Amino acid sequence: MGTRRDFLKLTGLAGTSAMVPSVFSGIKKTTKPIVLSTWDHGVTANKVSWDILSKNGTALDAVEQGVRKVESNPKGTTVGIGGSPDRDGFVTLDACIMNHKNECGSVAFLQNIEHPISVARKVMEETQHVMLVGEGASQFAQEQGFKSKDLLTEESKKAWEKWLETSEYEPVVNIENHDTIASIALDAQGNLAGACTTSGMAYKMHGRVGDSPIIGAGLFVDNEVGAACGTGLGEAIIRTAGSTIIVEMMRNGISPQDACKAAVERIIEKHDDLTNVQVGYLAINKNGEYGGYSVYDGFTYAIRSDEENEYLSSEFKISQ
Ligand code: ASP
């Protein structure tokens, strides 16, 4: 473990509304198994994942089950049920999953299915393909026994109707501190996996797909090296192949923390206007080193291992 400031154990804290992240700096390293998840709902996801990892379960099961818990929370306005709709009032979901054998599955623009992450896993395990979108993804989900469900809650409908009064599209991320859930894990066997699921940017254009279902953008895993995932303005992540470059930097010996930082710097370099370009990355390598970094302050994540059970503020480049 590196230097720590403002240390705050999560014990007794998870589930309370007043979660205050602590800030770490330096090289962060812990023992496997490990799971790392984005934002405050990462605490909820990690709890489920840890039940699996601590009993020698696989990283793949851990990340899938962890993010499913967040998909099922109707109060979360950025993932699964209760997710904010697009500008036309449709909740459209993006998700992907990747295992330690470079196998992956993804769904995009999927509607009326509570657990897009599990549909993505079925794409990985039951088809010859990596990605299914829209109607084809829904059809496949139904064939696989997923039930159709209306994901637009009364609250998210009301918020959308209020938004319609002005219909101003501002891709504001980070404000509600509660965005995409992305999880990466290293299990006791030393295998890595990752999962990423979201309803995307609130009030996006109908048909818009973000980084979260794009392998190499919102998520990338290479079992020889490490895993990385992202959250925030998907367009910025796709434009810079975010998670891929982080893994490739780790392949060249750069620490997860420095790799996340360099990927953020790449985004900054490639954008003339950084207004609302918030992106947060997480990464982990095979040695149990991990890190997180964001463009602006405000990005948080949760880490769980035998030694760590913490909710952290990431380091960042620009103070808002
Ligand atoms: N990355 C997601 C997207 O662009 C949104 C987010 O993480 O807040 O769809």
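Since we're looking at a predicted model, the values are computed, not measured. First listed ligand is number 1; within each ligand, the first listed atom is number 1.
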Practice item. In plain terms, say whether Lys158 and Glu161 are close enough for a salt bridge, that is, a side-chain N and a carboxylate O under 4.0 Å apart. Key: no
**Study point:** hydrophobic_cluster_shared for Leu233 and Tyr293, side chain cutoff 4.5 Å
**Key:** yes
Study note, to complete from the structure: Excluding Ile52, membership of its hydrophobic cluster (Ile, Leu, Val, Met, Phe, Trp, Tyr; side-chain heavy atoms within less than 4.5 Å) reads none
Review point. Side chains of Asn46 and Ser37: do they bring a donor and an acceptor to under 3.5 Å?
Key: yes
Point to revise | Side chain, backbone, both or neither: Arg208 near ligand 1, heavy atoms under 4.0 Å | key: side chain
Point to revise | Which segment of Glu235 sits under 4.0 Å of ligand 1 when only heavy atoms are counted | key: neither
Review point. Near Ser212, which atoms of ligand 1 are under 4.0 Å from a heavy atom of that residue?
Key: 1 (N), 2 (C)
Check your understanding: Does any donor atom in the side chain of Ser319 or Tyr296 lie under 3.5 Å from an acceptor atom in the other side chain?
Key -> no
Exercise for review: For Thr231, counting its heavy atoms only, list the atoms of ligand 1 lying under 4.0 Å from any of them.
Suggested key: 6 (C), 7 (O), 8 (O)
Check your understanding: Any idea which of Thr198, Ile237, Asp211 brings a heavy atom closest to atom 3 (C) of ligand 1?
Key -> Asp211
Review point. Gly234 to ligand 1: N or O pair under 3.5 Å?
Key: yes
Exercise for review: Would you please test His115 and Phe146 for ring-ring contact (aromatic ring centres under 6.0 Å, His included) and show each step?
Suggested key: CA-CA 8 Å; His115 292 299; Phe146 291 85; 8.0 Å; no
Point to revise | Contact check: Leu233 vs ligand 1, nitrogen or oxygen atoms, below 3.5 angstrom | key: no
Review point. Under 3.5 Å, is there a donor-acceptor pair linking the side chains of Asn223 and Asn102?
Key: no
Point to revise | Where ligand 1 meets Gly200 - atom numbers and elements under 4.0 angstrom, heavy-atom basis | key: 9 (O)
Practice item. Please say whether Asp94 places an N or O atom under 3.5 Å from an N or O atom belonging to ligand 1. Key: no
